[in-house]
Amino acid sequence: MRSLQQTLAHAQESGTALGHFNVADFTMFKAVCAAAAELNVPVLLGLSESEREFIGVPEIVALVSAFSERSTVPIYLSADHTHSLPKAIEAVRAGFDMVVFDLSALPFDENIARTREALRTLKAINPQFLVEGEIGDIGAGSFIHVDAPTVNASLTGSEEARRFVIATGVDILAPAVGNFHGMRTNMLTGQSRKRLDVQRIREIKRATGSPITLHGGSATDDEDLRAAIEAGINIIHINTELRVAWRKGLESTLSDQPGEKLLPTRFCPPSSTR
Ligand SMILES: [Zn+2]
């Protein structure tokens, strides 16, 4: 199987992008792996700090290892939105393939200094481990926003992107290019879609030459996604749309089967006997 580094290099050369899908439970994990196998494409599974806390770091690594033995496509693990070096070290030691090291809330120069330090530490543990750096403001959390987040005020410029990539040595860059985390309520019904600043992506690509990630890809206009990949995006994050699908699936299954009973009592021994 190709390493993530090789797969990403191939994406750079061929002008394509990898899907990065967040999983918060085993159902989502199976769904993403099944979809990747059906489409015959490699896939990145993303787990933020809180998603890792819920599933468990060794548990998700063991799951991916077990699935990879039978999988016809590579399954990679990404420690999504990691805000501290100890959490990144935990991920690299456990066997993750990459980290989204996110200090974008800090002042720019402090973000550079601490990302560079993290990169040195993490590569010393595993030189194949990839480190993505974050700049700009794209909001936080995979939520449904009633009010539009004000993220367009801090779009990433190509010069700051170039400075960040050179100064830190990151393998991958995540800029702010019109994208944001979560979805607006009117995006649930398809009434509106996110629009991207494709020209800005092209300029950032030209200035850095780096693989680029698009975060907050849920509910983005399809044509904008295609144009963004053509302009240089190599990884696309989707989380909120998966959560919406998870909830809709659960709700419709429960309402379709209102007579569904709880487990028979013989399967549920009293707590005193456990
Ligand atoms: Zn993100």
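Order of listing sets the numbers, starting from 1, for every ligand and every atom in it.
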(message) Taking salt bridge (Lys or Arg N to Asp or Glu O under 4.0 Å) as the definition, give me every residue that meets it alongside E230, ordered by chain and number, with sequence neighbours left out.
(response) R202
(message) Could you check whether any side-chain N or O of T208 sits under 3.5 Å from a backbone N or O of S210, counting only pairs where one atom can act as donor and the other as acceptor?
(response) yes
(message) Between K205 and I233 (side chain of the first, backbone of the second, donor and acceptor by atom type, cut-off under 3.5 Å), is there such a pair?
(response) no
(message) Just so I know, are the side chains of I212 and I172 near enough to count as touching, which here means a heavy-atom distance under 4.5 Å?
(response) no
(message) Donor-acceptor check, side chain of S255 to backbone of E251, threshold 3.5 angstrom: yes or no?
(response) yes
(message) Check for me: within less than 2.8 Å of the Zn ion (ligand 1), which protein N/O/S atoms show up?
(response) H81 NE2, H181 NE2, H215 ND1
(request) For the pair K194 (side chain) and F180 (backbone), establish whether a donor and an acceptor sit closer than 3.5 Å, ignoring hydrogens and angles. (result) yes
